[in-house]
Amino acid sequence: FRRVLFRSWVDLEVVFPLPVGHRRRVVADGLALTGRVPGMLKRWVRGARGEWYGLVWLLLRDGAGEVRLTLDDQLVPAAALSPRDAGRRRG
C-alpha cells in the first residue's frame, strides 16, 4: 500500500505540554518545543476511546535553530495538527 503525506503544522505545545508548576528557564542547547513547526502527516489512527491521532514526521530544533532530532511515526493528538496549505487560494 502507498502512503500519502500531507503537509501539516504541528503545535509542539499541545504535543509536549509543560508540567503544572514548571518554572521556565532558557537552556541554549535544549530542544525548542514551543510554537508550530512544519511536519508531514502520514496517516490517522484511532485510540480505543474514540480519539484521533496523527502519525507524523517532523524535525525538532534546538534554541539556535539547529536540527537535533528527526521524529518519524510520532504519535500526535489531532488537536495539535492543522493543514499547512489552509487559507491558500487555488486557481
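Heads up: numbering here begins at 1 and tracks the sequence.
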message: Hydrophobic clustering (ILVMFWY, side-chain heavy atoms < 4.5 Å, transitive) - are V56 and V14 grouped together?
response: no

message: Are V10 and L18 linked, directly or through intermediate hydrophobic residues, by side-chain heavy-atom contacts shorter than 4.5 Å (ILVMFWY only)?
response: no

- request: For V76 and A80, work out which heavy atoms get closest and say how close.
  value: CG1-CB, 3.6 Å

query: If you round to the nearest 0.5 Å, how far is OH of Y53 from CD of Q74?
result: 12.0 Å

task: Look only at the side chain of E13 and the backbone of G35, and say whether a donor-acceptor pair between them is shorter than 3.5 Å.
output: yes

Note: R68-D29 ion pair, threshold 4.0 Å (strictly below): no

message: Any heavy-atom pair between the side chains of W9 and P83 that's under 4.5 Å?
response: no

message: I'd like to know if D11 and R36 make a salt bridge, using a cut-off of under 4.0 Å between side-chain N and carboxylate O.
response: no

- request: Find the distance between CE (M40) and CH2 (W57) and round it off to the nearest 0.5 Å.
  value: 8.0 Å

task: Step by step, work out the side chain to side chain contact (heavy atoms under 4.5 Å, CB included) result for L55 and L41.
output: CA-CA 6 Å; L55 283 180; L41 173 64; 5.7 Å; no

- prompt: What closest approach, in Å, do W52 and V45 show between heavy atoms, and which atom pair accounts for it?
  reply: CE3-O, 3.4 Å

message: I want to check something: taking the side chain as every heavy atom from C-beta on, are V67 and L60 in contact at a cut-off of under 4.5 Å?
response: no

message: Please report the interatomic distance CG(L12) to CZ(R61), rounded to the nearest 0.5 Å.
response: 11.5 Å

- prompt: Heavy-atom distance under 4.5 Å between the side chains of R7 and P38, does that happen here?
  reply: no

query: Roughly how far apart are F16 CZ and L31 CG, rounded to 0.5 Å?
result: 8.5 Å

